[in-house]
Amino acid sequence: MNNLTHPTFELDALVDDGRFGDFGGAFVPPPLVQPLQELAEAFSVAARNGELAQELTELFRNYAGRPTPLTEVPRYAAELGQCRIFLKREDLLHTGAHKLNNALGQALLAKKMGKGHVVAETGAGQHGVATATAAARLGLRCTIFMGAVDAARQQLNVVRMKMLGAEVIEVQSGNRTLKDAVDEALGYYVEHADHTFYLLGSAVGPHPYPSIVREFQKVISLESRAQILEQTGSLPDAVLACVGGGSNAIGAFHAYLPNEEVRLIGIEAGGRSLDPGEHAARFATGRPGIIHGMATVVLLDGNDQIQPTHSISAGLDYPGVGPQHAYLKASGRAEYGFATDGEALREFHRLARLEGIIPALESSHALAGAAQLAQELGPDATILVNLSGRGDKDVAQVADMQGVTTQATTGMFC
Ligand SMILES: *Cc1c(COP(=O)(O)O)cnc(C)c1O
């Protein structure tokens, strides 16, 4: 493998208190203060001595399948307007999405900290599966908290996590969805912090999680930057990524931050409309607030209560956003737009039909952003889209929406 497409992977120690301008920080109850400080300290020590990066690089290459390819999609681009479009293929990573980069990184860190047990919450089950996978590989006990309603909706992922050796706790409190799973998981962690590790799934939450998750996901742009230079001789005009909590996007942007000429564009879930409760476009209608331990941009109602959200894609369906994105938006370095459910669905089908790649519905939002940008920039542009995951998980849902029965494939788990 040559060094261009296999850049040396280094982790930067945490340099600050986790503030990104007015955003970030750690707004947590007293019992979490010390565990978070220990986590920050352990990460910085591991980053400085280089061992964590070395072991993670080995796992990335020989277990997870890194580097992922950078694929030009000429038939797709021709339909959008003749520009060049390249996809960073996180869909080809083991387990089918970028989430494994972070799960492996944090599981390794847990081991370094002498913690034999990882706990995590999961909504649709994607982060739970990535965590269970990393825990199995590294020989860690794994407990996943999942709302009982979500578990019923995502039976297949529950089965998958159990096959991977994880214990799945179906949470019966509250609405029995993600928020309740977070509460239960955090409660469990506070009580067992001496030997458990909380494995957080996106670039969100209190310091140091947003920075740690970025450090584990930045491998995406370290690779893509070298690959696009090799394939085209220059940097792209724009890099696009979908933004749920913001981990694939911050990973896709990181290496381009110093290159001001490269536009960085995050695409949020525009859902059915921008009416309250119908979308998760935080930058379109949100305002500064605090959620899950961080200061960021949040969808709030008139009484400062967190608004319900909707997206066709579970991974983008979250009322807050990673604090570094709030900062990149405020500073003007990155731009954020949104794509509706319908626009994402259109690009889901277009990429499948023209290139033989079925994208995750989340990633289809980034493609919809690229479709719009292609019109704007014209034929000379080069656009790089981070394809955060594959769409196999979404095939049944998309088929259902078209009235196609998928009972034969899902019936086994009913
Ligand atoms: C979870 C997920 C996302 C959203 O999470 P981020 O932290 O914003 O990256 C996007 N795409 C896929 C495929 C996912 O599984």
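Indexing begins at 1, ligand by ligand and atom by atom, following the structure's order.
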Could you tell me the residue and atom name of the protein heavy atom closest to [atom], and the distance to it rounded to 0.1 Å?
atom	answer
atom 12 (C) of ligand 1	Ser388 OG, 3.5 Å
atom 2 (C) of ligand 1	Lys99 NZ, 2.4 Å
atom 7 (O) of ligand 1	Ser202 OG, 2.5 Å

Legend entry - N or O pair under 3.5 Å between Ser363 and ligand 1: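 For ligand 1, there is no N or O atom that lies under 3.5 Å from one belonging to Ser363.
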Inset, instruction - Before signing off on this row, confirm whether Gly246 and ligand 1 have an N or O atom pair separated by under 3.5 Å. - result: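 Such a contact does occur with ligand 1.
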Legend entry - Heavy-atom proximity to atom 4 (C) of ligand 1, best of Gly315, Gly389, Ala124: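 Considering heavy atoms of Gly315, Gly389, Ala124, the nearest to atom 4 (C) of ligand 1 sits in Gly315.
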Inset, instruction - Evaluate the ring planes of Tyr198 and Tyr209, with Trp represented by its six-membered ring, and classify them as parallel (under 30°), tilted (30 to 60°) or perpendicular (over 60°). - result: perpendicular
Using side-chain heavy atoms (C-beta onward) and a distance below 4.5 Å, is [X] in contact with [Y]?
X	Y	value
Val243	Val321	yes
Leu199	His127	yes
Ile220	Leu222	no
Arg66	Glu90	yes
Glu121	Asp183	no

Legend entry - Close approach of His98 to ligand 1, heavy atoms, under 4.0 angstrom: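 Per 4.0 Å heavy-atom rule, His98 contacts ligand 1.
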Inset, instruction - With heavy atoms of Gly244 as the reference, note each atom of ligand 1 found under 4.0 Å away. - result: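 With Gly244 as reference, the close atoms of ligand 1 come out as 8 (O).
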Inset, instruction - Heavy-atom contacts with Ala360 under 4.0 Å: which atoms of ligand 1 show up? List them by number with element. - result: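 Answer for ligand 1: 13 (C).
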Legend entry - Per-residue contact class, Ser247 against ligand 1 - non-hydrogen pairs under 4.0 Å: both
Inset, instruction - In sequence, state the C-alpha distance, the side-chain angles, and the governing distance for Phe197 and His117, and then conclude on ring pair (Phe, Tyr, Trp, His ring centres under 6.0 Å). - result: CA-CA 6 Å; Phe197 183 101; His117 184 188; over 10 Å; no
